[in-house]
Amino acid sequence: MGKALIIGCGGVASVVIHKCCQNSEVFEEIMIASRTKSKCDKLKEKLSGGKTKISTAQVNADNVDELIALINSFKPDIVINVALPYQDLTIMDACLACKVDYLDTANYEPEDTAKFEYSWQWAYRERFEKAGITAVLGCGFDPGVTGVFTAYAAKHYFDEINYLDILDCNAGDHGYPFATNFNPEINIREVSANGSYIEDGKWVETKPMEIKRVYNFPEIGEKDMYLLHHEELESLAINIKGIKRIRFFMTFGQSYLTHLKCLENVGMTSIKPINYNGMEIVPLQFLKAVLPDPASLGPRTVGKTNIGCIMQGKKDGKDVKYYVYNVCDHQECYKEVESQAISYTTGVPAMIGAMMVLTGKWKKPGVFNVEEFDPDPFMDALNKWGLPWKETFDPELVD
Ligand code: NDP
């Protein structure tokens, strides 16, 4: 059916590539293009036996001209951006120049400022519309499936959703004293930033990890979780009718938090360049270099993740409560695609989102967040492609 150019070849990309190859009816041909071509070649070698035709290329995705040349030579139907958030705008620029659809899993973040918001990418709306191409923003799990879950609930069970809590629990254990389960630089920037949530249309800011709750997660048990700022709050507060309050919580163990605090206290999480032996280095980038590569955690991570959305609102004048979630097992993911569950739960939705665009189900000109599309075919595809979901109308609520 179609051709996809996949940019990046890290933990998440590896899952996207495995899943595209499993889905060869839709992904007849893929190109893996990244900064380090040897990683792309290694995956190509491993997956070449299947029906999906695979080629590889070296690309610096910070360079729009290089991207345009690559897109013009491969002529993909969609570009799946699973490099880093720093590359979102250059890749969108190249897609615009070549009139090719675009999908990513994380919103743009300038490299020198730890700040992420949709304004930079929403500014492309009119240009994508005029060019007649689709951009799907934030199509991993959170953001991504969490937006689809909310849209599904809004479509089928609510007239209005007033309270939305997104709960992200990783109860996996990789056996290291400290490691992050996706790109360490992006992960640490996210969790060391101030927290925030939206109440009555306004952002309320908190200190990092200031708000803590304990939640009894289905199939996992009780875990400490902390309120974080997260990008989907921004789009869901606009796109979902009736929202009064929206919050995002993520679980962290005490050892992770103690290590993080210590690294912060000694300046290792700073993104301000320093001079070291005549060389300019960014402490957080150096820290990334000494931490375990998240892509290597797969074989050693055991346990489960549970990510989902709890909603309260009204249908036909009556109060409704609803919880929809996915539970994913790290070792099962490893058996299937040699990745841990965090990469898996991000990579599978990215493949599904690209399939939605290629099959015309999510194809309309402009720049969209996932909750702006029909959730039903995506929800069906989650069950089929490895992320089955469960629902309950009687959930424990978060106070
Ligand atoms: P990794 O660091 O494992 O992989 C990033 C890849 O991008 C690497 O292969 C890297 O190349 C490549 N890359 C980086 N810079 C460039 C560049 N300038 N040009 C070309 N390639 C480049 O990250 P992850 O796989 O963990 O994360 C990928 C994305 O997924 C991130 O944007 C992250 O924020 C997002 N994410 C989203 C989640 C969600 O649920 N929505 C959850 C988790 C992650 P090299 O191999 O040379 O380093």
Side-chain angles (χ1 to χ4, degrees), residues 5-18 31-43 56-67 70 79-91 94 103-109 111 114 116 118 121 136-149 166 168 170 179-191 228 230-233 235 248 250 284-285 288-289 291-298 305 307-308 326 328 337 339-353 369-370 387:
L5 170 63
I6 297 160
I7 301 185
C9 195
V12 174
S14 167
V15 177
V16 175
I17 294 157
H18 274 84
M31 174 181 270
I32 315 167
S34 190
R35 183 166 53 189
T36 313
K37 185 168 175 283
S38 56
K39 290 191 192 171
C40 312
D41 291 334
K42 215 169 140 196
L43 259 182
T56 62
Q58 201 278 329
V59 74
N60 173 9
D62 293 321
N63 183 317
V64 180
D65 291 336
E66 258 189 53
L67 287 165
L70 184 70
V79 174
I80 304 175
N81 168 16
V82 269
L84 295 178
Y86 314 136
Q87 280 85 47
D88 287 3
L89 302 188
T90 45
I91 299 176
L103 177 140
D104 67 31
T105 65
N107 71 6
Y108 174 68
E109 219 179 304
E111 208 159 349
F116 49 98
Y118 278 116
Q121 291 182 279
V136 181
L137 306 184
C139 197
F141 206 106
D142 43 339
V145 177
T146 49
V148 176
F149 279 170
I166 300 169
D168 179 331
N170 178 10
T180 65
N181 37 44
F182 68 98
N183 184 287
E185 193 183 327
I186 306 297
N187 185 216
I188 290 173
R189 281 163 71 118
E190 176 178 290
V191 302
L228 293 187
H230 226 244
E231 60 211 62
E232 65 263 54
L233 304 189
S235 69
F248 181 96
M250 192 177 271
L284 181 57
Q285 285 172 3
K288 174 182 184 273
L291 285 175
D293 177 358
S296 71
L297 300 178
T305 62
I307 317 176
N326 162 263
C328 195
V337 298
S339 289
Q340 32 83 357
I342 302 303
S343 302
Y344 191 89
T345 53
T346 310
V348 172
M351 179 284 285
I352 294 174
N369 294 90
V370 293
L387 294 174

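Remember, it's 1-based here, ligands and their atoms both numbered in the order they're listed. Residue indices begin at 1 and follow the sequence shown. Every value quoted in this text rests on a predicted model; they were computed, and no experiment measured them.
At a threshold of 4.5 Å between non-hydrogen side-chain atoms, the residues Val370 and Val136 count as touching. A 4.5 Å side-chain heavy-atom check between Pro85 and Ile186 finds at least one atom pair inside the cut-off. Looking only at side-chain heavy atoms (C-beta outward), Tyr344 and Phe141 stay at 4.5 Å or farther from each other. Using a 4.5 Å heavy-atom threshold, the side chains of Leu137 and Asn107 count as separate. Contact of the Leu387 side chain with the Ile352 side chain is not registered, since no non-hydrogen atoms from C-beta on lie closer than 4.5 Å.
Distances between N or O atoms of Asp293 and those of ligand 1 include no value under 3.5 Å. Checked against a 3.5 angstrom limit, the closest N/O atoms of Gly10 and ligand 1 fall inside it. Checked against a 3.5 angstrom limit, the closest N/O atoms of Gln87 and ligand 1 fall inside it. Checking only distances, Val12 does come within under 3.5 Å of ligand 1, N or O to N or O.
The atoms of ligand 1 that sit less than 4.0 Å from any heavy atom of Ile186 are 34 (O). Close contacts of ligand 1 with Asp62, meaning ligand atoms under 4.0 Å from a residue heavy atom, involve 18 (N). Counting atoms of ligand 1 from 1 in the listed order, those under 4.0 Å from a heavy atom of Cys9 are 6 (C), 8 (C), 9 (O). Here is the list of ligand 1 atoms found below 4.0 Å of a heavy atom in Lys39: 45 (P), 46 (O), 48 (O). Within ligand 1, counting atoms from 1 as listed, the ones closer than 4.0 Å to a heavy atom of Phe141 are 39 (C), 40 (O), 41 (N). For ligand 1, the atoms closer than 4.0 angstrom to any heavy atom of Val59 are 19 (N), 20 (C). Interface of Ala106 with ligand 1, defined as ligand atoms under 4.0 Å from a residue heavy atom, comprises 32 (O), 34 (O). Less than 4.0 angstrom separates some heavy atom of Val82 from each of these atoms of ligand 1: 28 (C).
Qualifying side-chain hydrogen bond (donor to acceptor under 3.5 Å, both in side chains) partners for Asn170, counting only residues two or more places apart in sequence or in other chains: His330.
The single protein non-hydrogen atom nearest to atom 5 (C) of ligand 1 is Leu84 CD2, 3.9 Å, given as residue, atom name and distance. When only non-hydrogen protein atoms are considered, atom 10 (C) of ligand 1 lies nearest to Arg35 NH2, 3.8 Å. Nearest protein neighbour of atom 12 (C) of ligand 1, counting heavy atoms only, is Ser34 OG, 3.5 Å. The closest protein non-hydrogen atom to atom 2 (O) of ligand 1 is Asn183 ND2, 2.6 Å. The nearest heavy-atom contact from the protein to atom 44 (C) of ligand 1 is Phe182 CD1, 3.5 Å. Here the protein heavy atom with the shortest distance to atom 35 (C) of ligand 1 is Thr105 OG1, 3.2 Å. Nearest non-hydrogen protein atom to atom 42 (C) of ligand 1 is Thr346 OG1, 3.1 Å.
Using cut-offs of 30° and 60° on the angle between ring planes, the pair His230 and Phe248 is parallel.
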Quick one: do Met351 and Ile80 satisfy side chain to side chain contact (heavy atoms under 4.5 Å, CB included)? Show the steps, please.
-> CA-CA 8 Å; Met351 179 284 285; Ile80 304 175; over 6 Å; no
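Among Ala61, Gly11, Ala83, Ala33, the residue whose heavy atom sits closest to atom 28 (C) of ligand 1 is Ala83. If you check each of Asp88, Thr36, Asp142, Thr345 against atom 45 (P) of ligand 1, the one with the closest non-hydrogen atom is Thr36.
The parts of Pro143 lying near ligand 1 are both backbone and side chain, judged by heavy-atom distances below 4.0 Å.
For the atom pair NZ (Lys37) and SG (Cys9), the distance works out to 11.0 Å, reported to the nearest 0.5 Å. Going from atom CG of Leu291 over to atom CD1 of Ile188 covers 5.5 Å, rounded to the nearest 0.5 Å. Separation of atoms CG (Leu228) and CD1 (Ile166) is listed at 11.0 Å; rounding is to 0.5 Å.
Panel note: side chain Gln87, backbone Asp62; no donor-acceptor pair is recorded below 3.5 Å. Judged by distance alone, the side chain of Asp88 and the main-chain N or O of Tyr108 form a donor-acceptor pair under 3.5 Å.
Taking a 4.0 Å cut-off on heavy atoms, Pro85 registers as neighbouring ligand 1. Contact annotation: Pro294 has no heavy atom less than 4.0 Å from any atom of ligand 1. The closest approach between Gly144 and ligand 1 stays at or above 4.0 Å for every heavy atom of the residue.
Here the closest heavy-atom approach between residue Phe182 and residue Glu190 is recorded as CZ-OE1, 4.3 Å. Closest of all the heavy-atom pairs between Leu70 and Ala57 is CD1-CB, 3.6 Å.
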